[in-house]
Amino acid sequence: MSVPERLPENLPETMRAVEIAEPGGPEVLRPVTRPVPPPRHGAILIRVAWAGVNRPDALQRAGAYNAPPGASDLPGLEAAGEVAAVGPGVTGWAVGDRVCALLPGGGYAEYVETPAAHALPVPKGMNLREAACLPETCFTVWSNVVMRGRLAAGEVFLVHGGSSGIGTTAIQIASALGARVFATAGTDAKCLACTALGAERTINYREKDFVEILRAEGGAHLILDMVGGSYIPRNVEALRDEGRLVMIAFLEGPQADLNFAQIMRRRLTVTGSTLRPQSDIAKARIADEVRAHVWPMIAGGRLRPLIDSEFPLENAAAAHARMESSAHIGKIVLEM
Ligand SMILES: NC(=O)c1ccc[n+]([C@@H]2O[C@H](COP(=O)([O-])OP(=O)(O)OC[C@H]3O[C@@H](n4cnc5c(N)ncnc54)[C@H](OP(=O)(O)O)[C@@H]3O)[C@@H](O)[C@H]2O)c1
């Protein structure tokens, strides 16, 4: 995106937003008034109704995940609302369209600008509260589980953090693809939620060893992991020959003691990615795939966001505190 354009006259000049006053705990999230950003070339301006809260927002708030160059410094990686203005060069979107979008940042605000190619129509029959929960998790899960991890029907798929926003989406997408889904989670209530979403077997990792359970199945073809740390060598053990491990976060830390001979001997693949720093073109390619493959799953009733709780924008600090308590099951959303 290039030079900022002018804001249409019917729009306000300022908006309510929540900013990160300084790196720290949830209390550093501070309500502020900011200028409404004019949509740049190739971008749309969204009047936000709901914004999704994601773990990376909490990392950014803590000073561990900086906004990429050119992105808003405000947190917020996904939102739903209606198109308030379109920038030069944009086709396919008109003012008033219902939209949900992946954002480079800035979702914790009444208006947010994002490349038009990262926006998707709100699925039929879905409200804006639910639609705000889709982009970050669907883009992350599809790009890592399918584009990178090549999950196929009939394969054994293990997702850690099964009750997280990412986990609840991964369980549903993998089930819709015809995979056999295994999920780990930290409480029996979380395990029940994973089963209700389509997991064949859920593992309360505080009581049972996921390696043992997966080995008894012949091993996982694909593991999606957000824990890292001590899970890294255990994931390798839980994979079958030719298995793939995809890392998307390191909640327990990025370091591990690993015998790489197993990777060679059993022809394993260890890979991973983060969504936010990828190029606009790469994200547009993911958006096209999500629209082509995930949106029909929603239309067919195979995927629906599981919402844990909602908070008013000004109470974003409480939303972050809930997320970091890990008591939630599914997604947390902010209402504008
Ligand atoms: N790579 C990417 O592009 C990308 C994009 C989006 C999100 N992510 C990452 O994916 C993960 C899930 O994101 P989300 O927004 O869905 O977050 P979330 O809902 O807060 O999920 C995190 C879950 O991980 C589980 N967990 C397991 N071990 C943990 C540990 N050691 N510390 C804390 N939690 C632990 C927790 O449930 P239990 O009770 O089961 O432990 C918790 O609910 C986050 O780590 C996030 O940073 C990566």
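Each ligand, and each atom within it, is numbered from 1 in the order the structure gives. The structure presented is a predicted model; accordingly, all values stated were derived computationally and were not measured. Residue numbers count from 1 along this sequence.
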Trainee: Which pairs of nitrogen or oxygen atoms, taken one from ligand 1 and one from the protein, are under 3.5 angstrom apart?
Mentor:
{"unit_1": "ligand 1", "atom_1": "1 (N)", "unit_2": "Ile248", "atom_2": "O", "d": "2.9"}
{"unit_1": "ligand 1", "atom_1": "1 (N)", "unit_2": "Ser273", "atom_2": "O", "d": "2.8"}
{"unit_1": "ligand 1", "atom_1": "3 (O)", "unit_2": "Leu275", "atom_2": "N", "d": "2.8"}
{"unit_1": "ligand 1", "atom_1": "15 (O)", "unit_2": "Arg55", "atom_2": "N", "d": "3.0"}
{"unit_1": "ligand 1", "atom_1": "16 (O)", "unit_2": "Gly165", "atom_2": "N", "d": "2.9"}
{"unit_1": "ligand 1", "atom_1": "16 (O)", "unit_2": "Ile166", "atom_2": "N", "d": "2.8"}
{"unit_1": "ligand 1", "atom_1": "19 (O)", "unit_2": "Gly165", "atom_2": "N", "d": "3.1"}
{"unit_1": "ligand 1", "atom_1": "19 (O)", "unit_2": "His328", "atom_2": "NE2", "d": "2.7"}
{"unit_1": "ligand 1", "atom_1": "20 (O)", "unit_2": "Arg55", "atom_2": "NE", "d": "2.6"}
{"unit_1": "ligand 1", "atom_1": "20 (O)", "unit_2": "Arg55", "atom_2": "NH2", "d": "3.1"}
{"unit_1": "ligand 1", "atom_1": "20 (O)", "unit_2": "His328", "atom_2": "NE2", "d": "3.1"}
{"unit_1": "ligand 1", "atom_1": "37 (O)", "unit_2": "Lys190", "atom_2": "NZ", "d": "3.3"}
{"unit_1": "ligand 1", "atom_1": "39 (O)", "unit_2": "Lys190", "atom_2": "NZ", "d": "2.5"}
{"unit_1": "ligand 1", "atom_1": "40 (O)", "unit_2": "Gly186", "atom_2": "N", "d": "2.8"}
{"unit_1": "ligand 1", "atom_1": "41 (O)", "unit_2": "Tyr205", "atom_2": "OH", "d": "2.5"}

Trainee: Quick one, Leu102 and Leu275 - any side-chain contact, counting heavy atoms below 4.5 Å?
Mentor: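 With C-beta onward as the side chain, the pair touches.
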Trainee: Tell me whether Val159 is reachable from Leu192 by hopping between hydrophobic residues (I, L, V, M, F, W, Y) whose side-chain heavy atoms are closer than 4.5 Å.
Mentor: no
Trainee: Ignoring hydrogens and angles, write down the donor-acceptor pairs under 3.5 Å from the side chains of residues 287-298, residues two or more places apart or on other chains.
Mentor:
{"unit_1": "Glu289", "atom_1": "OE1", "unit_2": "Trp142", "atom_2": "NE1", "d": "2.8"}
{"unit_1": "Trp295", "atom_1": "NE1", "unit_2": "Pro121", "atom_2": "O", "d": "2.8"}

Trainee: Under 3.5 Å, which donor-acceptor pairs do the side chains of residues 147-155 form with other protein atoms, sequence neighbours left out?
Mentor:
{"unit_1": "Glu155", "atom_1": "OE1", "unit_2": "Ala152", "atom_2": "N", "d": "3.0"}
{"unit_1": "Glu155", "atom_1": "OE1", "unit_2": "Arg244", "atom_2": "NH2", "d": "2.8"}
{"unit_1": "Glu155", "atom_1": "OE2", "unit_2": "Arg244", "atom_2": "NH1", "d": "3.3"}

Trainee: If you link ILVMFWY side chains whenever their heavy atoms are less than 4.5 Å apart, which other residues fall into the same cluster as Val28? By chain and number, please.
Mentor: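 Grouped by the 4.5 Å side-chain rule, Val18, Ile20, Leu29, Ile44, Ile46, Val48, Val53, Val83, Val86, Val90, Trp93, Val99, Leu103, Tyr108, Val112, Phe311, Leu313, Met323, Ile332, Leu334, Met336 form the rest of the cluster around Val28.
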Trainee: Would Val141 and Leu77 show up in the same hydrophobic cluster when neighbours are defined by side-chain heavy atoms closer than 4.5 Å?
Mentor: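 Result: no, two separate clusters.
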